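Below is one structure; the comments refer to it alone.
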Number of protein chains: 2
Amino acid sequence: MTKSSRSDPARITHINVPKASDILAEQLRSLILNGQYQPGELLPAERDLVHSSGISRTSVRDALRLLEVEGLITTRPGRAGGSTVRQVGRDAVARPLQLYVRSREIDLASLFDCRLAVEPFLAGRTAANRTEADLAHIEEIHAAFLAEEDISHYKRLNLDWHLAIAAASHNDLLYTLMEAISDPIFETSGYQQATTAEMRKAAKTAHEAILEAVRARNEPLARKRMERHLTAYINTVSARHGDPSRRSEPPASEEHQTP
Amino acid sequence: MTKSSRSDPARITHINVPKASDILAEQLRSLILNGQYQPGELLPAERDLVHSSGISRTSVRDALRLLEVEGLITTRPGRAGGSTVRQVGRDAVARPLQLYVRSREIDLASLFDCRLAVEPFLAGRTAANRTEADLAHIEEIHAAFLAEEDISHYKRLNLDWHLAIAAASHNDLLYTLMEAISDPIFETSGYQQATTAEMRKAAKTAHEAILEAVRARNEPLARKRMERHLTAYINTVSARHGDPSRRSEPPASEEHQTP
DNA sequence: AAGATCGAAATGTCGGACCAAAACACGAAT
DNA sequence: ATTCGTGTTTTGGTCCGACATTTCGATCTT
């Protein structure tokens with residue numbers, strides 16, 4: 001047998017045998033994304049799709065299941081049920097990302113790197129784009145954060161504070177990424193280690209400073225301060241973790257931010 | 001709503017009726033993520049799962065389909081087929097993100113904001129972490145980029161250049177995000193508009209400068225130059241697009257509008 | 001021994017039946 | 001007239017059994 005017919009040994013891409021459900025799913029997905037089905041609208045009933053597509057109900061259901069996992073539709077039983085088109089939600093991005101992190105066993109350092117890349121930028125955008133309502137919401141959480149003493153609540157409020165800052169940037173996509181990244185960090189055991197009173201004090205003053213820059217609509221300042229805040233935190237954690245390899249230097253001018 | 005509600009039914013979370021397949025999927029997912037099934041290993045055959053789980057093959061297949069969409073397994077027909085555990089791939093993150101962007105109709109400005117947040121950071125990290133092999137690979141693409149004259153090839157090589165820089169940062173997660181974001185940008189019509197010879201010239205000198213900083217392992221310089229490069233590009237594009245609202249500029253002057 | 005052929009084992013597809021949930025229609029009780 | 005059941009209808013959810021398709025291994029042939 002001539003190894004691989006004739007002249008082309010390895011040039012062809014791996015042949016992909018499409019399943020019937022994949023084809024239908026692709027068609028429906030295309031219709032949805034092109035706006036032929038608006039969010040809130042109902043797709044045809046399964047048995048109707050069977051009739052109009054010519055494939056069995058098993059395959060039709062498989063296709064719908066695919067779209068459901070992708071977050072494009074939700075499907076409910078009952079008389080007025082069916083498959084409703086919806087906008088893809090944040091969780092449809094966050095869940096795969098979380099699986100990716102867990103499956104690849106991404107380490108804390110990389111996760112914090114992501115925050116370090118995204119959060120200062122978002123803080124700057126928030127300073128630039130925030131509305132008064134945004135500010136009010138942030139102040140509310142900030143007040144609760146300052147007042148909180150209980151450790152477990154503290155951690156939650158800390159995260160909420162950062163998310164509130166990110167949300168006020170009015171960049172939906174970046175906020176979604178930030179939220180998606182925060183989740184694995186929050187659940188990683190390394191992050192759950194004890195937070196000392198010292199660290200909490202430092203965090204509170206840092207938050208205060210950042211918030212002040214946001215109030216003043218000072219974009220570069222908010223960005224810089226958020227960067228310092230995160231860097232300081234990372235250094236503290238990795239130092240305590242007995243992992244000095246990941247120390248990052250403070251940006252530019254030394255200001256001796258931490259105790 | 002967030003008022004104190006004692007003993008009244010407004011507090012319960014939305015009831016979640018789990019499908020049979022969801023339960024099995026959850027169990028298998030947990031087994032996989034906890035390492036009970038290593039990547040490359042085979043899950044039990046569908047009919048075995050039917051026997052051991054007690055649910056029908058329809059539901060078992062549904063569960064497996066779920067895991068497949070999540071990227072945790074691949075399943076092939078045939079005698080030695082079955083469901084093979086695998087590490088979650090980049091595309092399992094990129095695809096949902098792309099759907100999110102298309103479904104929410106995220107505008108180009110937000111997408112570029114993402115690049116502006118991520119890429120300079122990655123360029124810095126690349127300057128810090130690159131190996132000689134990384135550098136060689138980048139230089140190779142860079143040379144091709146400089147030499148290319150054809151427009152369509154140019155765009156592809158331009159993207160490749162940026163991806164190569166990002167890949168050399170050795171931060172898997174951030175690179176994945178960068179790649180995932182680049183894809184929608186590349187396909188958006190607004191980006192596909194004509195690229196003038198002027199812009200290409202500017203890009204080539206900018207790339208040269210960035211690469212020089214990467215060679216010199218100068219982290220802040222690489223970062224700064226990448227930031228300038230992207231900002232300049234965004235300004236050019238949005239100016240041409242007749243959309244002056246997204247100019248990146250100091251917030252200096254105040255808008256005069258009705259209070 | 002190389003090649004063709006057949007069988008076995010696994011997923012993929014099908015059709016039909018039935019179950020469960022949810023809204024609706026309609027009638028009885030208040 | 002309003003409310004409360006109660007049944008009906010429509011829809012997705014589940015099960016079953018059969019067959020199709022793919023792939024590998026074994027056996028047979030030359």
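The chains referred to below are lettered A, B, ... by the order of the sequence lines, with proteins before strands, and numbering in each begins at 1. The structure displayed is predicted, hence computed values, not measured ones.
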### Message
Among residues at least two apart in sequence or on other chains, which ones pass salt bridge (charged side-chain N to carboxylate O under 4.0 Å, His left out) with A:E132?
### Response
A:R130, A:R217

#### Entry: Pairwise salt bridge (Lys or Arg N to Asp or Glu O under 4.0 Å) hits with a residue in residues 159-170 of chain B, at least two apart
B:R156-B:D160

### Query
Listed in order of residue number, which residues of residues 22-31 of chain B have a non-hydrogen atom at under 4.0 Å from DNA chain D?
none

Would you tabulate the pairs of protein nitrogen or oxygen atoms and nucleotide nitrogen or oxygen atoms of nucleotides 14-21 of chain D closer than 3.5 angstrom?
residue: D:dT14; atom: OP1; partner: B:A20; partner atom: N; Å: 2.9
residue: D:dC15; atom: OP2; partner: B:S56; partner atom: N; Å: 3.1
residue: D:dC15; atom: OP2; partner: B:S56; partner atom: OG; Å: 2.8
residue: D:dC15; atom: OP2; partner: B:S59; partner atom: OG; Å: 2.8
residue: D:dC15; atom: O5'; partner: B:S56; partner atom: OG; Å: 3.4

### Query
For A:E139, what residues pass the salt bridge (charged side-chain N to carboxylate O under 4.0 Å, His left out) criterion, not counting sequence neighbours?
A:R215

### Task
Figure out the CD/C1' separation between A:E46 and D:dG13, and round it to whole Å.
8 Å

### Message
The criterion is side-chain contact (heavy atoms from CB on, under 4.5 Å); which residues satisfy it with A:T176, sequence neighbours excluded?
### Response
A:R90, A:V93, B:Y100

Distance-only criterion, 3.5 Å: show the donor-acceptor pairs between side-chain atoms of residues 70-80 of chain A and protein atoms not counting sequence neighbours.
residue: A:E70; atom: OE1; partner: A:R29; partner atom: NE; Å: 2.9
residue: A:E70; atom: OE1; partner: A:R29; partner atom: NH2; Å: 3.4
residue: A:E70; atom: OE2; partner: A:R29; partner atom: NH2; Å: 3.1
residue: A:E70; atom: OE2; partner: B:R95; partner atom: NH2; Å: 2.6

#### Entry: For B:R57, all residues meeting side-chain contact (heavy atoms from CB on, under 4.5 Å), sequence neighbours excluded
B:E46, B:R47, B:V50, B:R61

### Polar side-chain atom of B:D134 near backbone of B:T131 as donor-acceptor pair, under 3.5 Å
yes

### Query
Expressed in angstrom and rounded to an integer, what is the separation of A:L42 atom CG from D:dT10 atom P?
16 Å

### Message
Whole angstroms only, please: what is the CZ-P distance between B:R76 and C:dG12?
### Response
11 Å

Write down the protein N/O and nucleotide N/O pairs, taken from nucleotides 6-9 of chain D, whose separation is under 3.5 Å; answer none if there are no such pairs.
residue: D:dT9; atom: O2; partner: A:R79; partner atom: NH1; Å: 3.4

#### Entry: Whole-Å gap separating C1' (C:dC14) and NE2 (A:H51)
16 Å

#### Entry: side-chain contact (heavy atoms from CB on, under 4.5 Å) against A:D91, all qualifying residues, sequence neighbours excluded
A:R86

#### Entry: By side-chain contact (heavy atoms from CB on, under 4.5 Å) - contacts of B:A164 (at least two apart)
B:H137, B:I138, B:I141

Review item, side-chain donor-acceptor pairs of residues 17-24 of chain A, under 3.5 Å, at least two apart:
residue: A:K19; atom: NZ; partner: B:E68; partner atom: OE1; Å: 3.4
residue: A:S21; atom: OG; partner: A:D62; partner atom: OD2; Å: 3.2
residue: A:S21; atom: OG; partner: B:R65; partner atom: NH2; Å: 3.3
residue: A:D22; atom: OD1; partner: B:R65; partner atom: NH2; Å: 2.9
residue: A:D22; atom: OD2; partner: A:K19; partner atom: N; Å: 3.4

